[in-house]
Amino acid sequence: MSGALSDWIKESFGHKPRDLAGFERALTHGSQAAANYERLEFLGDRVLGLVMAEWLFETFPGEPEGALSKRLNALVTGAVCADVARGIGVSTQLKLGKQARDDGAADSDNVLGDVMEALIGALYLDAGLEAARKAIRKAWGDRVKTQGAAAPQHPKSALQEWAAANNRRTPAYDVVERSGPHHAPRFTVKASIGALAEATATGSSKQEAETAAAAALLEKLGG
């Protein structure tokens, strides 16, 4: 099993691991063991942010900080990290408890996104920043350039700007419902601008649901 995991890591990240322990932990869900991916996720999130910021700084030399921040935020979301994880086959390597597997954790955006960041953290510890940089640039591929010439406007920022431009209250976000198991929650959030208009949306995290609700409200307002 360790040989197969080592081969998968080399194929996925371009690095033959010196020590598999960190990668094994990065692939372990809390339902399986107390020594799970959470600490490595914390580290990997910061490594990903640094590498992505550096990459965007190089790729868009004429853009101001605000535009670069919008690009960065769009590229490191849980959904994007999960999509990258699916692309390299993370689901087949996960160590999950039976209940978590039965509940669909192997295809949960929350779980896959967190594990992807944990794997980046493990790679950084095992091989250093340069190896992590190469792996991230390979895994994220064309996503940086296919955003388009203009930096993407986050729906929550766009809604706030619409409210300010139209002399309306600042948008409010309220969690209407939370359902599902701990590792694969579903949040329903209502976005509203005073009594003017409101819209609801559901996502696998509070942030994802807020973003979707903001987008739905913007569409309703014609923004």
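Here the structure is a predicted model, which means the values were calculated and not measured.
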Hey, are the side chains of Val115 and Val111 touching, using non-hydrogen atoms and a 4.5 Å cut-off?
yes
Can you check whether Ala122's main-chain N or O pairs, donor with acceptor, with Asp126's side chain at less than 3.5 Å?
no
How long is the span from the CD1 atom in Ile136 to the CG atom in Leu48, to the nearest 0.5 Å?
5.0 Å
Which atom of Ala191 lies closest to which atom of Ala214, heavy atoms considered
CB-N, 4.2 Å
Any side-chain heavy-atom pair of Ile88 and Met116 under 4.5 Å:
yes
In Å, rounded to the nearest 0.5 Å, how long is the span from CG of Leu125 to CG of Leu40?
6.5 Å
With no hydrogens and no angle check, just 3.5 Å: does a side-chain donor-acceptor pair link Gln207 and Thr211?
no
Do Val175 and Tyr173 belong together in a cluster built from hydrophobic side chains that touch within less than 4.5 Å?
yes
State plainly whether the residues Glu58 and Arg137 are in salt-bridge range, i.e. N to O under 4.0 Å.
yes
Check for me, please, whether Leu119 and Leu129 land in the same ILVMFWY cluster - side-chain distances under 4.5 Å, paths through other members count.
yes
Separation between CD1 (Ile120) and CG (Asp45), nearest 0.5 Å, reads 9.0 Å
Check whether any side-chain N or O of Ser204 sits under 3.5 Å from a backbone N or O of Asn110 as a donor-acceptor pair, and report yes or no.
no
For Leu96 and Gln32, which heavy atoms make the closest approach, and how far apart are they?
O-OE1, 3.1 Å
Apply side chain to side chain contact (heavy atoms under 4.5 Å, CB included) to residues Lys16 and Ser6 and explain how you reach the verdict.
CA-CA 6 Å; Lys16 189 171 181 61; Ser6 181; 3.4 Å; yes
Can Lys95 be said to sit on top of Tyr37's aromatic six-ring, NZ or CZ under 6.0 Å from centre and within 45° of the ring axis?
no
Does a side-chain heavy-atom distance below 4.5 Å link Lys156 with Pro171?
no
Indicate if Leu196 and Leu159 have the same hydrophobic cluster label, given that clusters are the connected sets of ILVMFWY residues with side-chain heavy-atom separations under 4.5 angstrom.
yes
Closest heavy-atom pair and its distance - Ala132, Leu123
CA-CD2, 3.8 Å
Does any N or O in the side chain of Trp140 come within less than 3.5 Å of the main-chain N or O of Cys81, such that one atom is a donor and the other an acceptor?
no
Could you pull out all residues at least two apart from Asn167 that satisfy side-chain contact (heavy atoms from CB on, under 4.5 Å)?
none
Report the distance from atom CZ of Arg101 to atom NZ of Lys98, rounding to the nearest 0.5 Å.
10.5 Å
With distance as the sole test, does Glu11 use its side chain to make a donor-acceptor pair with the main-chain N or O of Asp7 at under 3.5 Å?
no
For the pair Val76 and Val80, evaluate side chain to side chain contact (heavy atoms under 4.5 Å, CB included) and give the outcome as yes or no after the intermediate values.
CA-CA 6 Å; Val76 299; Val80 172; over 6 Å; no
Specify whether His15 and Phe23 have parallel, tilted or perpendicular ring planes, treating 30° as the upper limit for parallel and 60° as the lower limit for perpendicular.
tilted
Lys/Arg-Asp/Glu bridge criterion (N-O < 4.0 Å) met for Glu63, Arg71:
yes
Spacing of Glu38 atom CD and His29 atom NE2 [to the nearest 0.5 Å]:
8.0 Å
Could you measure the distance from the CH2 atom of Trp162 to the CD1 atom of Ile193? Nearest 0.5 Å is fine.
5.0 Å
Does Arg186 use its side chain to pair, donor to acceptor, with the backbone of Gly180 at less than 3.5 Å?
no
Shortest non-hydrogen separation from Leu56 to Leu68 and the atoms involved:
O-CD2, 3.7 Å
Does the side chain of Trp8 reach to within under 4.5 Å of the side chain of Gln93, using non-hydrogen atoms?
yes
Less than 4.5 Å apart, side chain to side chain, heavy atoms only: is that true for Trp55 and Leu75?
no
Measure from the side-chain N and O atoms of Thr92 to the backbone N and O of Gly89, and report whether any donor-acceptor pair falls under 3.5 Å.
yes
Any ion pair linking Arg86 and Asp109 (charged N to carboxylate O, less than 4.0 Å)?
yes
Between Thr188 and Thr200, is any side-chain donor less than 3.5 angstrom from a side-chain acceptor?
no
May I ask you to decide if Arg168's main-chain N or O and Asn166's side chain share a donor-acceptor pair within less than 3.5 Å?
no
Smallest heavy-atom separation, Gly203 atom then Glu208 atom, equals CA-OE2, 3.3 Å
Test log, rule side chain to side chain contact (heavy atoms under 4.5 Å, CB included), inputs Val176 and Phe187:
CA-CA 8 Å; Val176 176; Phe187 294 85; over 6 Å; no
For Gly97 and Ser31, the nearest pair of non-hydrogen atoms, with its separation, is N-OG, 2.8 Å
Validation row: Glu24, Leu5 side chains within 4.5 angstrom (heavy atoms):
yes
Quick one: does any side-chain atom of Arg143 pair with a main-chain N or O of Ala139 as donor and acceptor, under 3.5 Å?
yes
Taking the side chain as every heavy atom from C-beta outward, state whether Arg178 and Lys206 have any atom pair closer than 4.5 Å.
no
Asn36 backbone acceptor or donor facing Thr28 side chain under 3.5 Å
no
Using modelled atom types and a 3.5 Å cut-off, is there a donor and acceptor pairing between side-chain atoms of Lys220 and backbone atoms of Glu198?
yes
